[in-house]
Amino acid sequence: MTLNGWVQIALFLALVVLATRPLGSYMARVFAREKTLLDPVLRPVERLIYRTTAVDETREMDWKEYAVAMLLFSAASMLLLYLLQRVQAVLPFNPQKLTGVMPQHLAWNTAASFTTNTNWQSYGGESTMTYFTQMAGLAYHNFVSAATGIALAIAFIRGVARRQMATIGNFWVDLVRATLWVLLPFCVVGALALVSQGVVQNLRPYDTVKIVEPQQVPHLGTDGKPTVDAAGKPVMDTVSEQVIAQGPVASQEIIKEWGTNGGGFFNANSAHPFENPTPLSNLIEMFSIFAIGSGLTYTLGKMTGSQRHGWAVWGAMAALFLVGVLVAYSAEASGNPLLHGAEQHASAMAPGGNMEGKEVRFGVANSALFATVTTDTSCGAVNSWHDSFTPLGGLVPLVNIMLSEVIFGGVGSGMYGMLIFVVLTVFIAGLMVGRTPEYLGKKIESYEVKMAMLFALIFPLIILIFAGISTIRPYGLAALGNNGPHGLSEILYAYTSAAGNNGSAFGGLSTNTPWYNTTLGLVMLLGRFWMKIPVLAIAGSLAKKKYVPASVGTFPVTTPLFSVLLIGVILILGALTFFPALSLGPILEHLLMNAGKAF
Amino acid sequence: MKRNILTAVLMTIVTTILLGLVYPLVVTGVAQVLFHDKANGQLIVQDGKTVGSRVLAQPFTGAGYFHPRASAAGTNGYDATNSGGTNYGPTNQKLIDRVKQDVAAAQQENPGHAVPVDYVTTSASGLDPDITPANAEFQGPRVARERGISLEQAMALVKAHTKGRQLGVLGEARVNVLELNLDLDRQVPLAKRAAR
C-alpha cells in the first residue's frame, strides 16, 4: 500500500461527504414537492408526462396499490426490452448490422437483469447489442430501475415519518420526479464531463484502422486449433487491421454509475478505455456510485425530523466501507505469492501488486477502491476483474453483496435495505432491555419484525439453493473458468450478485447457457421484487401507526452506540448465513495459496 | 387497477422516448460539437491513414518496439470489438505457468533486472494503452539495441511520454505505448536502421 493510495481513498470519501447534505436536502424537497431551482424547466415536462400517461398527481396510494403500480410498470418495461432485443436487427442505429439477440434465454436474462437494476451481462455489449438497444433498451432501464428504487426508499421513509395515514405516496409521481429531478440533470452534465475525459459519444460505424506493426498469428482451423501445412509448418495469417467499436457510451456510462446499475456498454465495462479513460473519469464514476445512497441518509434525517439519526446510519455505512477497502487494498497490494519472479513491490516507478486483470492507469489502489464501492452498492460496474483478485481481495466484494448492499447501497434499495436492518436492530435492542421497541416514535410490533425477517431470509435462500444445485450438477460445473475452491467462489458470486441485483461477476464462469441464464434471471427478479413487497408492507403498516413520544425506556437511534449495534446486526446476520460457504471458497483458497498450491 | 395498467404502458412509451432517445441524442449532439476528437475515440491519422486510437492498445511484438501489456481480448488479443480479460483466479495453474514462462523470457532479454509485474500480466480490458514507467525502463535496453540508439536516447523518449498522476494525485504514472512507438518511428525509423 502507498501513501498516495490512501490519499486517493480519503479524497474520494471527502467528496462523498461534501455532497451528502446538499444532495440529501435537495431530494427531500423534490419528494415533498417543494420548489427547486430546476422547476421552471422540469415542471412543464412533468405535467406533460402526467397528461399523456393519465396520472392524477394529487392522488395518493396505499402500500398495496403502490406495489401493484411498481410491478405493472416493471413488467411493461421488461417486456419492451425483451422485444427490442429480439427485433433490433430491423431497428435504426445499427451500423454494424447486428442480428437480433439469440438465443431467447439470453434475451430473457438481459431483460430481467436490466429491469431489476442488476445489469448482469451474459453477453459482450459491443458484439451483441445495437446502438438502439443500448440507448432505448439498456440505458433506458438504467434510469427507470434506479428511479423505481428511489421511489421505494422515499415511500418507506414516508411510512416512518407519517402518523395515522393510510397512504405512502403516489408511485407514478415519485417515479417521474426521481427521473426528472434527481437523475436526468446530473446525467446530462456528468455525461459531458466524461466525454471531456475521452469517453466516446457517437453513432458512427466501427472504425477500421491500419495498425503500425502488422502481426503474424496462427491460422485457426474450424476446430479452433492452429493448423499446419503439408510440411508440418504452422500456417500463419497476417493481421494488419484493428476494428474499433464505437457508440453512444458516455450517456449510458454516467447513468450506469449515478443509478448504481453497472451494465457496461462494452464487455470490459469500466476497465475499457472508452468507458473510463483517465483517473479523473474513474473518480467521477466512483463518486457517482456513492452520491445518491449517501445523500439519502440525509434525506432520511430531514423527512423524519431527526438529522442525527440520518448521520448515525451514515456512520455505520462509512465504517463498513472503510473496513472493506482496507482489506481489499492491502490484499491486492501484497500481490500473488504464486507469481515467482514478477516484481510486485510498490516503487516510485510502479505501484506493483496483483496486476492480473487490472489497468495500469488505475493500479491496485483504484481497482480495490472501485471493487469495494461497486459492491457496497448494487452497482456492479467494474474497472478490474474481481475473478483475478487475490482470495481476500475477492472476498470483500462478495461479502459486501452478501451483507445485502446496505453500505450506501443501491440508489433507494440501499436505503430501504438498511432501514430493514434498523428495524431489526431496534427490535433486538428492545429484547435486551425487555421493552416494546420503538423506532422514531413508532412501535415495532410482530408484523414489522415478521416482514423484516422475510426480507432477511429470502435473500440467502435464493442464493444458496441455486448455488448449491449448480455445484452438484454437470450443467452447473461445465461453466467453471477456474478449478479448486475458486470454482465454488465463482458460482457463489454469480447467484449472490444476481440476488443482490449487483451485476458484477467472477467473470470466468461462462454463464451464457440455458441453466445459468434462466435461473440467474429468475433469482434477479425474486431478489428485486419479492423482497420489495415486505418492504412496502412495513412502510404501509408504520404509516398507519400512532406516534408514541420517546420515554426513558426508548433506545435512542441517534448515537454512536446505535451505529455500532447496527453494524453488529448486519455482520452477525451476514456471517451466520454465509460463513460456511465462504470458508470453503475464498478463505480456503487463501490458505492454500499461501501454502503454494495451485489448481 | 385498470387505470394503473394503462398508465404502466403509456409511461413505458413516454419515458422510452425521453430517456432512451431524446437524452442520448441531445448528449451526442452537444458532445460532437464541444469535444469532437474525444467523442469519436481520439483516432490518430498519419499520412492520410488512420493508424489507431490514442487510448486503445494495439499489438507490438517486434524487438524494436515497446510492447503493450498482454491482452486476452478476442482470439489473437487486442480485439477492440471484443474487450475483456483472462479471468484467471490467483491459484489458476494456467496463470502461474504463463507468468513463469514470460518471466523466464523477460529475464533472458534483460538479465539482472526485476521483471515488473505489469509486464507479465494481462490487462482488464485487453486494450490497456499504458505500461508503468518501470515496465518501459525494463524494455528500454532492448529497444535501444534494436534501433541502434543509446539507452539514454531511448529513455529520454520514454520520459517525454511518461504521464504523471492526473492533477498530481489521481491514478498512477504511465507511459502510452502507441504514442511512444509512433514517436520512435518518427525519430529513428526502423527501415533506416536496417539500411545502415
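Residue numbers start from 1 in every chain, and the chains themselves are labelled A, B, ... in the order their sequence lines are given, proteins ahead of strands.
When all heavy atoms are compared, the tightest approach of A:Gly341 to B:Val115 is O-CB, 3.7 Å.
For B:Ile17, no part sits under 4.5 Å from any heavy atom of chain A, backbone or side chain. For A:Phe12, no part sits under 4.5 Å from any heavy atom of chain B, backbone or side chain. Neither the backbone nor the side chain of B:Thr162 has a heavy atom closer than 4.5 Å to any heavy atom of chain A. Heavy-atom distances place both the backbone and the side chain of A:Asp56 under 4.5 Å from chain B. Proximity to chain B (any heavy atom under 4.5 Å) is restricted, for A:Thr179, to the side chain, taken from C-beta onward. Using a 4.5 Å cut-off between heavy atoms, A:Ile211 touches chain B through backbone and side chain atoms alike. Contact of A:Leu180 with chain B is made through the side chain alone, with heavy-atom distances under 4.5 Å. In this structure, chain A has a heavy atom under 4.5 Å from the backbone of B:Ile131, while its side chain stays farther away. A:Asn282 does not touch chain B: none of its heavy atoms, backbone or side chain, sits under 4.5 Å away. Proximity to chain B is absent for every atom of A:Leu183, based on heavy atoms less than 4.5 angstrom apart. Proximity to chain B (any heavy atom under 4.5 Å) is restricted, for A:Thr390, to the backbone atoms N, CA, C and O. A:Leu220 touches chain B through its side chain: at least one heavy atom from C-beta onward sits under 4.5 Å away, while N, CA, C and O do not. Interface remark: A:Phe171 contributes no atoms to any contact with chain B (heavy atom separation under 4.5 Å). Heavy-atom distances place the side chain of A:Val68, and not its backbone, under 4.5 Å from chain B. Using a 4.5 Å cut-off between heavy atoms, B:Pro59 touches chain A through backbone and side chain atoms alike. At a 4.5 Å heavy-atom cutoff, A:Leu71 makes no contact with chain B through either its backbone or its side chain. Using a 4.5 Å cut-off between heavy atoms, A:Leu283 touches chain B through its side chain atoms alone. In this structure, chain B has no heavy atom under 4.5 Å from any part of A:Val382.
Within residues 166-176 of chain B, the residues that have a heavy atom under 4.5 Å from a heavy atom of chain A are B:Gln166, B:Leu167, B:Val169, B:Leu170, B:Gly171, B:Glu172, B:Ala173, B:Arg174, listed by number.
Taking the ring centroids of A:Tyr140 and B:Tyr23, they lie at or beyond the 6.0 Å cut-off.
A donor and an acceptor atom, one from each side chain of B:Thr91 and A:Glu589, are located under 3.5 Å apart. Judged by distance alone, the side chains of A:Gln215 and B:Asn76 never bring a donor and an acceptor atom under 3.5 Å apart.
Contact check for B:Lys38 versus A:Pro277: no side-chain heavy atoms found under the 4.5 Å cut-off.
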